[in-house]
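Okay, structure first, notes after.
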Amino acid sequence: MERTKVFEYLKLINDRTRHQFDLSLKEWNLTFSQAGVLRLLYENDGQMSQREIEKAMQVSHPTIVGLVSRLEKNGFVTTHTCDTDHRNKIIESTDKALEHRAYVQSSRKKFEALLLAHLSDQDISELERMLSQIRDNIFALPLNE
């Protein structure tokens, strides 16, 4: 079988998307990954455990610690120890995070529209189906930690 460029395209799209989104959020002192944490908090009534965020974002504990630390330093979240499990940290969005919610969501929607410009609804549905299958394939692989 001929060599495809799927891996290269996915990597390029991911890198460029992160860079462009980071630029759009720079004035708020946010990054793509930090906005991802805030999005999860928005979807979960403004509060989640750090472990839940790690699992949802499929990233390591040190990565989440760094993201949350920077979000807390910039006033987007507060943290406290879980009352029932002192090993777990609870992350809560602040009023500042809620003030920026509409902007973050709007930026994401505008950028997604740019990415999908010139694709028909059928093309987008097929792309979502294929990407979903690729996601399922990668998550079926064992993690070698």
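Basis for what follows: all heavy atoms, side chains included, without hydrogens, waters or symmetry-related copies. In what follows, residues are counted from 1 in the order of the sequence shown.
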Exercise. Are the side chains of D22 and H19 in touch, meaning some heavy atoms are under 4.5 Å apart?
Worked result: no
Problem set entry | Single-linkage hydrophobic cluster, 4.5 Å side-chain cutoff, L116 and L131 together | yes
Exercise. Got a salt bridge between R129 and E126, using NZ or NE/NH1/NH2 to carboxylate O under 4.0 Å?
Worked result: yes
Exercise. How long is the gap from CG on N44 to OG on S49, to the nearest 0.5 Å?
Worked result: 9.5 Å
Exercise. With sequence neighbours left out, which residue pairs that include part of residues 88-137 fulfil the ring-ring contact (aromatic ring centres under 6.0 Å, His included) condition?
Worked result: W28-H100, W28-Y103, F76-H100
For this session: With the side chain counted from C-beta on, respond yes when I91 and T78 share a heavy-atom pair under 4.5 Å apart, and no when they do not.
Result: no
Exercise. Are S33 and R18 linked by a side-chain donor-acceptor pair shorter than 3.5 Å?
Worked result: yes
For this session: Measure the OG1-NZ distance between T79 and K89 for me, rounded to the nearest 0.5 Å.
Result: 4.5 Å
Exercise. Are the side chains of R101 and L38 in touch, meaning some heavy atoms are under 4.5 Å apart?
Worked result: no
Problem set entry | salt bridge (Lys or Arg N to Asp or Glu O under 4.0 Å) partners of residues 57-82, not counting sequence neighbours, each pair once | none
Exercise. Are F7 and F139 grouped together when hydrophobic residues (ILVMFWY) are joined by side-chain heavy atoms under 4.5 angstrom apart?
Worked result: no
Exercise. Are the charged groups of D15 and K11 less than 4.0 angstrom apart, N to O?
Worked result: yes
Problem set entry | Contacts of R87 that satisfy salt bridge (charged side-chain N to carboxylate O under 4.0 Å, His left out) - sequence neighbours left out | D85
For this session: Measure across V68 and V77 and return the closest heavy-atom pair with its distance rounded to 0.1 Å.
Result: O-CG2, 3.9 Å
For this session: Find out if a path of hydrophobic residues (ILVMFWY) with successive side-chain heavy-atom gaps under 4.5 Å connects I134 to L12.
Result: no
Problem set entry | Single-linkage hydrophobic cluster, 4.5 Å side-chain cutoff, L98 and V104 together | yes
Problem set entry | pair K5-E8: side-chain heavy atoms closer than 4.5 Å | yes
Problem set entry | I138 CD1: over 12 foreign heavy atoms closer than 6.0 Å | no
For this session: Step through the shown structure and confirm whether more than 12 heavy atoms of other residues, nucleotides or ligands are within 6.0 Å of CD on E112.
Result: no
For this session: Without swapping roles, check the side chain of Q58 against the backbone of K55 for a donor-acceptor pair under 3.5 Å.
Result: yes
Problem set entry | E43: salt bridge (charged side-chain N to carboxylate O under 4.0 Å, His left out) partners, not counting sequence neighbours | R39
Exercise. How many angstroms lie between CE in M48 and CG in L40, if you round to the nearest 0.5 Å?
Worked result: 5.0 Å
Problem set entry | Transitive ILVMFWY side-chain link I124 to V6, under 4.5 Å | yes
Exercise. Got a second to check how far E54's CD is from S60's OG, nearest 0.5 Å?
Worked result: 7.5 Å
Problem set entry | Side chains of E92 and L41 in contact at under 4.5 Å (non-hydrogen atoms) | no
Problem set entry | Test item: D123 side-chain N/O and S120 main-chain N/O as donor-acceptor pair under 3.5 Å | yes
For this session: Tell me, please, which residues at least two apart from D95 pass salt bridge (charged side-chain N to carboxylate O under 4.0 Å, His left out).
Result: none
Problem set entry | Other residues, nucleotides, ligands: >12 heavy atoms within 6.0 Å of K96 NZ | yes
Problem set entry | Sub-4.5 Å side-chain heavy-atom contact between K110 and L114 | no
For this session: Would you confirm whether K26, through its side chain, and T31, through its main-chain N or O, come within 3.5 Å as a donor-acceptor pair?
Result: no
Problem set entry | Short side-chain donor-acceptor distance under 3.5 Å, T17 and N14 | no
Exercise. Could you give the distance from CD1 (I90) to CG (D83), rounded to the nearest 0.5 Å?
Worked result: 8.0 Å
Problem set entry | 4.5 Å side-chain heavy-atom contact, L30 and L71 | yes
Problem set entry | Heavy-atom donor-acceptor pair, T94 side chain to G75 backbone, under 3.5 Å | yes
Exercise. What ring-ring contact (aromatic ring centres under 6.0 Å, His included) pairs are there with at least one residue in residues 32-62, not counting sequence neighbours?
Worked result: F21-F32
For this session: Using a cut-off of 6.0 Å, state whether more than 12 heavy atoms not belonging to D136 lie near its atom CG.
Result: yes
Exercise. Between CG of N88 and CZ of R51, what distance do you get to the nearest 0.5 Å?
Worked result: 4.5 Å
Problem set entry | Verdict with reasoning, L67 to Q34, per side-chain contact (heavy atoms from CB on, under 4.5 Å) | CA-CA 6 Å; L67 288 171; Q34 291 168 349; 3.8 Å; yes
